[in-house]
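A, B, ... follow the sequence lines: proteins, then strands. Residue 1 opens every chain.
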Number of protein chains: 2
Amino acid sequence: MLAIGEFSRLTHLSVKTLRRYHEAGLLVPAAVDRATGYRSYDASQIPTAQVIHRLRELDVPLADVRRIIESTDAGSRAALVSDHLARLEAELDRTRAAVVSLRRLLDPDPVPLRVELRAVPEVTVAAIEADVDSDAMGAWYAGALAELEAAVDVRMGPAGGVYDNVLFEEGRGHVMLHVPTPDPPRRGRVHPVTLPPVELAVATHVGPHDDADVTYGELGSWVVANALAVSGPVRETYLVTPTEDPDPSAWRTEIGWPIFRMS
Amino acid sequence: MLAIGEFSRLTHLSVKTLRRYHEAGLLVPAAVDRATGYRSYDASQIPTAQVIHRLRELDVPLADVRRIIESTDAGSRAALVSDHLARLEAELDRTRAAVVSLRRLLDPDPVPLRVELRAVPEVTVAAIEADVDSDAMGAWYAGALAELEAAVDVRMGPAGGVYDNVLFEEGRGHVMLHVPTPDPPRRGRVHPVTLPPVELAVATHVGPHDDADVTYGELGSWVVANALAVSGPVRETYLVTPTEDPDPSAWRTEIGWPIFRMS
DNA sequence: ACGGGACTCTCCCCCAGGGGGAGGGGGCAG
DNA sequence: CTGCCCCCTCCCCCTGGGGGAGAGTCCCGT
């Protein structure tokens with residue numbers, strides 16, 4: 001049996017950290033002296049400690065580490081681990097996108113943005129709606145688009161989306177994905193929605209959605225500079241989507257902000 | 001001029017976060033109403049906000065973000081940014097190493113460790129010593145090894161290291177890198193050191209140093225199982241180093257733990 | 001049997017980088 | 001004038017630790 005200090009030396013985990021893992025139920029000492037509170041570890045706990053160490057290096061939250069450690073079944077453990085590796089992959093993608101976007105932002109001569117005013121009439125579409133966390137948007141978008149495409153026979157134009165502003169302010173909000181079609185069906189999550197007419201300031205965003213906020217910002221500057229004001233949820237139109245071109249740099253999204261004139 | 005809520009919508013930064021950035025001096029509103037405390041932002045601050053957003057996505061600390069934002073010179077700004085990108089690269093390397101090591105740890109049939117007891121006589125070597133943070137170890141090791149190799153003409157064996165145990169417990173400790181040579185010189189940081197004789201439990205670690213702690217743990221288990229105890233700093237011997245083979249999976253390090261018999 | 005030093009215990013405060021919510025003032029339209 | 005929405009500050013919460021105080025324990029040597 002090993003005292004906490006020896007166990008610390010053997011695992012390269014600090015004494016503080018070992019105590020915290022005990023408290024969290026992650027790595028419970030093989031024995032705790034009732035009288036003194038002294039923790040005793042068994043040498044057989046060293047491999048577990050090292051798995052925890054590796055998972056923490058990968059920024060796996062302690063709660064998830066516990067799930068992995070406690071899963072006795074090798075299969076479910078492997079599944080949990082590969083879940084997290086997939087999460088790391090996704091994070092890496094986001095990091096790459098942020099680097100690309102940062103370079104563009106620091107580019108000394110930026111591409112000027114073209115903004116167009118457009119009056120959009122009332123239209124009835126097939127839509128799917130939900131309240132979504134912004135970090136779950138990617139998955140929701142893919143699923144909803146697939147369901148819409150399966151439910152709609154005749155498409156009369158590109159798909160679009162309507163995004164509540166609180167989504168961007170608070171990370172969660174009402175979103176709607178829609179496809180224009182005659183006589184929209186009502187099947188599964190798909191149902192008809194009538195979009196009200198609006199006047200939009202429209203700019204086209206080229207590239208992956210990760211840096212759409214840059215176009216949002218430029219659009220916002222333009223709106224402010226032209227003495228207009230924003231009212232209501234953002235409308236997006238997907239001109240080129242992953243379905244049509246797998247290369248993210250080819251994607252084209254129209255971003256339309258409902259405006260009214262500040263008289 | 002924009003109220004904080006509008007600015008939030010335009011930049012996709014939450015109101016809370018904007019206030020925090022104001023407090024941190026990162027993004028100071030163009031005007032603050034003396035009487036009410038209301039913050040007003042100018043549309044020209046949107047690009048700055050987006051650069052900050054990107055840098056935070058890359059986990060750049062707020063203090064460093066401030067340095068980047070405040071550097072008016074485009075050259076020094078680019079240098080600061082690429083510093084952080086290099087840091088991200090290094091972190092990515094560590095993540096990759098952790099993934100590899102994790103897979104090995106979860107491997108159902110692990111490679112058994114061979115441990116050898118070895119009596120090491122007193123020896124006088126050319127050495128460089130320092131107190132080092134464990135996250136600065138890599139850089140320190142490379143620099144010290146280069147200086148040692150330049151200072152020593154005749155090498156009588158592979159280089160070695162002596163590592164204080166507190167380095168692993170507290171993340172900082174005394175370390176020594178040494179090369180056996182006749183008549184050790186005294187030049188720059190290099191000076192002669194006489195290493196006392198010890199009895200070592202020795203195991204060979206194959207692969208990059210990132211998962212050396214796994215071998216440490218196995219060695220520790222063996223030492224405990226054989227009713228021995230550890231005393232004194234760890235000794236390492238570098239049999240195959242990056243100098244000899246650039247492939248990390250070919251590196252070989254002997255890890256030796258000074259022991260004494262618990263009679 | 002008794003020091004003394006090394007070890008361990010709990011408890012509290014600190015950090016970054018935010019989020020949640022309370023409680024109170026400001027501004028504008030109906 | 002009265003809602004209602006916006007904004008303010010202030011405080012506590014989260015994760016995953018680190019630092020240090022003050023007190024109790026263990027064990028070795030004498």
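Put simply, B:Ser14 has no side-chain N or O that comes within less than 4.0 Å of OP1 or OP2 on C:dG18. Considering only side-chain N and O atoms, B:Arg39 lies nowhere under 4.0 angstrom from the phosphate OP1 or OP2 of D:dC7. For the pair B:Thr17 and C:dG19, the criterion of a side-chain N or O lying under 4.0 Å from OP1 or OP2 is met. Within the 4.0 Å cut-off from OP1 or OP2 of D:dG16, not a single side-chain nitrogen or oxygen of A:Arg19 is found.
If you check every strand for non-hydrogen atoms under 4.0 Å, B:Arg56 touches sugar and phosphate atoms only. Backbone-only contact: A:Ala3 has heavy atoms under 4.0 Å from sugar-phosphate atoms and none from a base.
Separating the CZ atom of B:Arg20 from the P atom of D:dT9 is a distance of 13 Å, rounded to the nearest angstrom. Rounded to an integer number of Å, the gap from CZ of A:Arg34 to C1' of D:dG24 is 18 Å. Note: CG (A:Leu26) to P (D:dT15) measures 12 Å, nearest angstrom. Rounded to an integer number of Å, the gap from B:Asp64 CG to C:dC15 P is 18 Å. Taking atom CD1 of B:Ile4 as the reference point, atom C1' of C:dG26 lies 15 Å away to the nearest angstrom. In this structure, A:Glu169 places its CD atom 16 Å from C1' of C:dG20, rounding to the nearest Å. A straight line from CG of A:Leu18 to P of C:dT10 spans 13 Å, rounded to a whole angstrom. Summarising the geometry, the separation between NE2 on B:His22 and C1' on D:dC7 is reported as 14 Å, rounded to the nearest angstrom.
Considering only heavy atoms from C-beta on, B:Tyr41 stays 4.5 Å or farther from B:Val28 through its side chain.
Look at B:Glu91 and B:Arg87 and you find a salt bridge, because one of the NZ, NE, NH1 or NH2 atoms lies within 4.0 Å of a carboxylate O, short of that distance. A salt bridge does not link B:Asp135 with B:Arg94: every distance from a Lys NZ or Arg NE/NH1/NH2 to an Asp or Glu carboxylate oxygen is 4.0 Å or more. For A:Arg104 and A:Asp107, the salt-bridge test fails: no basic side-chain N is under 4.0 Å from an acidic carboxylate O.
Between the side chain of A:Tyr38 and the base of D:dG24, at least one donor-acceptor pair of N or O atoms lies under 3.5 Å. In this model, a side-chain donor or acceptor of B:Lys16 finds a partner on the base of C:dG21 within 3.5 Å.
Shortest non-hydrogen contact noted between A:Ile259 and A:Leu200 is CG1-C, 4.5 Å.
Two residues, B:Tyr21 and A:Glu6, neighbour DNA chain C, and the one matched to the more 5' nucleotide by heavy-atom proximity is A:Glu6. Residue-to-nucleotide proximity on DNA chain D shows that, of A:Thr36 and A:Val60, the 5′-proximal contact is made by A:Val60.
Nearest to the side-chain atoms of A:Leu62 among the listed nucleotides D:dG17, D:dT25, D:dC6 stands D:dG17.
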